[in-house]
Amino acid sequence: MIRLQQVHRIFEVGDQKVHALNDVSLDIKCSEYIAMMGPSGSGKSTLLNILGLLDQPTSGEYILDGQDVTALSDQAQAEMRRDKIGFVFQFFHLVPRLSATENIALPMVLAGVPVAERKVRVSRILDAVGLTDRAHHRPDQLSGGQRQRVAIARATVMEPAVILADEPTGNLDSASGKDVLDILERLNDNDITLIVVTHNLDIAKRARRRLHMVDGRIDSDTTTGKRT
Amino acid sequence: MMAADILGFALKSLRGYSLRTGLMLLAMAIGVAAVVVLTSLGEGARRFVVAEFASLGTHLLIVLPGRSETTGGPPLLLGETPRDLTIDDAMALNRSRAVRRVAPIVVGSAAVSYRRRDRESIIVGSTREFLDVRHLTMAQGRFLPKIDPRRASPVCVLGAKIRQELFGADKALGEWVRLGDRRFRVIGVLASEGRTIGIDVEEIVVVPVASALSLFDTASLFRILVEARTREAIPLAQKDIIDIVRSRHDGEDDITVITQDALLSTFDNVLHALTLTVAGIAAISLAVAGILIMNVMLVAVSQRTAEIGLLKALGASGRCILILFVTEAGALSLIGAVLGLVIGRMGGWIIGRFYPALPIGTPWWAIVGALAVALGTGLLFSMLPARRAARLDPAQALSRR
Ligand SMILES: Nc1ncnc2c1ncn2[C@@H]1O[C@H](COP(=O)(O)OP(=O)(O)O)[C@@H](O)[C@H]1O
Ligand SMILES: [Mg+2]
């Protein structure tokens, strides 16, 4: 489903060059569960951004669903992000002036989904993340765990093929971190491809496949038989 | 994205930053209100003058002794003493088929007295026609009698204010007043009219034209008022007047004929230009509001970097972001403009209360223009910030927290 070939990403800061991704090649099949680890600055976020079409490789090839996406227009890439990819961020990134319901509906608003259908989908998904009673709360009226669950609901409302989660539990206590992870894994049980960046070895161990990055390279790529 | 959602999103962001939104609305509203109030005043002044002119009489031509090159200028040519314009000249004008009425006029000032009360007053010598040409009405008694204009007669008609000052509550009709060193019997009193252009009829005394000529010891008329039969007959009347007087003055063109239309349109143009100028100056404040909008939108874009990045991550294209921000600015300027329109109209109304004589009215072009300029500047000046937002790198926008 996802294929990266010899992907490089070089940032130019002033006259200095930062080789954030150095010759990364990667194959990801449908409904895989991948944990990505590695020290800070090793290029995990950069790789995730490229996978999510938020960033372009400096060189190399990215095939998503059989399509070379680096050649697509801005509009087409935006549609790809909207329809195929869900993002979950460490800092939630909810729109502060919108309620939980409105935040979750945002991708459908951007996609032009009819109002009636939005309502149905939002209430179904609020139920799935256990936030029905918080539907009209604004982000500042929610706890960190609740905010992240709103963010997950938003990431899944368009029924994407891939969820990209960059340290989704990094800002949460362990109990709500576990809740969030449970929800993500439940999505994976329903055949959504799940890629989670984490510093937490216990969390990483729950994934069947683990990538370890160092200095912009994939240092190790191990697959265990089963999720524990 | 659906249009209703775009608008809804824009309005929600405006509400989300209420102080900023309020200030920008204020700037826009002040600009539009300034345009509306100032053009209303200018238009009011124009309408006022036009109405005044119309009330002087309709299809009016004014014949002045002496020739001037430009209509409306002073009727004097250097080095040339104009030939007198006489009562006979005036009577001769009746020969033209285009002319309905002719009122010769002599104007001077003299002391008017009754018993021990007296004052200076403007004395107008004319004929019975004066009443109709100037559309005057009587409060009491009759106007000048229909007599041969060449004949003097010791009768007079008083303006309302003169009557009040000389007679107070006493009866004026039939009494004798003194004008200069002669005595005239009061036969009528003019109704007062709220008119300010030309001679104020409240403060005049009207006597037969021949009496006025002898009172002021002159042979020349001050001017002749001519009423054409119809509006279309005005040019013909003008030509006839010039021809008739030329034939009477040994082939010399020594008069000036001003048509009321020409005079009116001159004033109309001048005041219209004035209104436009004032509107233009006021529109500068709109441009200032536009620049303010640009600045505030730029701040908004940098403040909302993360949100823009998020929208892109959720599937918004650059174009979509552009549309969102431009809509926001457009909604802002439109609301501000409508607010300004309301404030401006209210201001106009209040001014109208203080100066009831001024027919305040906002011309439609000012309303359309103010709205268009407001919306135009809003959209134009939001282009730069909106494009900056559209080009934002989402990965970088989201990595900042
Ligand atoms: N926009 C950028 N401009 C310049 N350098 C960047 C940018 N984004 C990331 N980097 C650099 O690329 C490297 C990898 O960053 P990142 O992918 O964020 O690491 P991680 O997520 O693994 O901590 C780091 O050295 C970082 O400083
Ligand atoms: Mg990172």
Side-chain angles (χ1 to χ4, degrees), chain A residues 9 11 13 20 45-56 72-99 102-115 118 138 151 154-155 157-158 160 164 166 170-171, chain B residues 1-22 299-328 331-332 386-401:
Chain A
R9 180 64 172 106
F11 292 109
V13 186
S45 297
T46 305
L47 178 55
L48 222 55
N49 285 336
I50 285 177
L51 288 175
L53 297 176
L54 288 179
D55 196 6
Q56 315 293 322
L72 292 178
S73 69
D74 172 67
Q75 181 75 34
Q77 288 196 352
E79 278 167 24
M80 234 26 171
R81 287 196 294 271
R82 189 182 72 195
D83 299 331
K84 297 207 164 133
I85 297 159
F87 289 96
V88 179
F89 307 96
Q90 179 178 0
F91 300 110
F92 323 129
H93 284 305
L94 302 179
V95 181
R97 58 178 183 278
L98 300 183
S99 69
E102 290 167 329
N103 265 291
I104 294 170
L106 210 46
M108 295 190 286
V109 170
L110 292 172
V113 173
V115 179
R118 280 184 224 165
R138 272 186 288 115
R154 183 182 60 194
V157 77
M158 291 297 289
L164 304 172
D166 197 348
N171 249 9
Chain B
M1 233 179 137
M2 294 189 279
D5 285 325
I6 293 173
L7 197 63
F9 191 88
L11 292 179
K12 232 173 247 167
S13 339
L14 289 178
R15 264 217 317 263
Y17 302 89
S18 44
L19 179 67
R20 181 156 82 203
T21 302
V299 174
V301 168
S302 63
Q303 253 181 15
R304 280 155 66 182
T305 303
E307 178 187 324
I308 295 161
L310 172 78
L311 288 175
K312 285 197 164 179
L314 296 181
S317 58
R319 223 177 80 85
C320 180
I321 303 281
L322 185 87
I323 290 171
L324 281 176
F325 272 84
V326 169
T327 305
E328 211 173 303
L332 196 67
R387 281 172 64 165
R388 186 171 289 185
R391 285 211 213 95
L392 216 69
D393 173 9
Q396 226 168 322
L398 285 164
S399 68
R400 272 196 271 161
R401 40 173 306 197

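Chain A is the first sequence line, chain B the second, and so forth, proteins listed ahead of strands; every chain is numbered from 1. Scope of the values below: all heavy atoms of this structure, side chains included, with no hydrogens, waters or symmetry mates.
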Which atoms of A/Glu102 approach chain B - backbone, side chain, both or neither, heavy atom under 4.5 Å: side chain
Tightest non-hydrogen contact, residues B/Cys320 and A/Leu110, listed as SG-CD2, 4.0 Å
Going from OG on A/Ser73 to CZ on B/Arg319, what distance comes out if it is rounded to the nearest 0.5 angstrom? 11.5 Å
Which residue pairs pass the salt bridge (charged side-chain N to carboxylate O under 4.0 Å, His left out) test when at least one of the two sits in residues 76-91 of chain A, sequence neighbours left out? A/Asp65-A/Lys84
Within a radius of less than 6.0 Å around CZ of B/Arg387, do more than 12 heavy atoms belonging to other residues, nucleotides or ligands occur? no
Counting only non-hydrogen atoms closer than 4.5 Å, does A/Arg118 touch chain B with its backbone (N, CA, C, O), its side chain (CB onward), both, or neither? side chain
Please list all pairs passing the salt bridge (charged side-chain N to carboxylate O under 4.0 Å, His left out) test where one or both residues lie in residues 47-56 of chain A, with sequence neighbours left out. A/Arg9-A/Asp55
Decide yes or no for A/Phe87 and B/Leu398: does some side-chain heavy atom of the first lie under 4.5 Å from some side-chain heavy atom of the second? no
Does any heavy atom of chain B fall under 4.5 Å from the side chain of A/Leu98, the backbone, both, or neither of them? side chain
Under 4.5 Å from any heavy atom of chain A - which part of B/Leu311: both
Identify the heavy atoms of B/Ser317 and A/Gln75 that sit nearest to each other, and give their distance. OG-OE1, 3.1 Å
Kindly say whether B/Gly318 contributes a backbone atom to a donor-acceptor pair with the side chain of A/Asp74 at under 3.5 angstrom? yes
Measure distances from B/Arg15 to the heavy atoms of chain A and classify the residue's part below 4.5 Å as side chain, backbone, both or neither. neither
What's the spacing between B/Glu307 CD and A/Leu106 CG if we round to 0.5 Å? 8.0 Å
What part of A/Pro160 lies closer than 4.5 angstrom to a heavy atom of chain B: side chain, backbone, both or neither? neither
Answer yes or no: does atom CZ of B/Arg20 have more than 12 heavy-atom neighbours from other residues, nucleotides or ligands under 6.0 Å? yes
So CD of B/Gln396 and CG of A/Asn49: to nearest 0.5 Å the spacing works out to 10.0 Å
Sub-4.5 Å side-chain heavy-atom contact between B/Phe9 and A/Val109: no
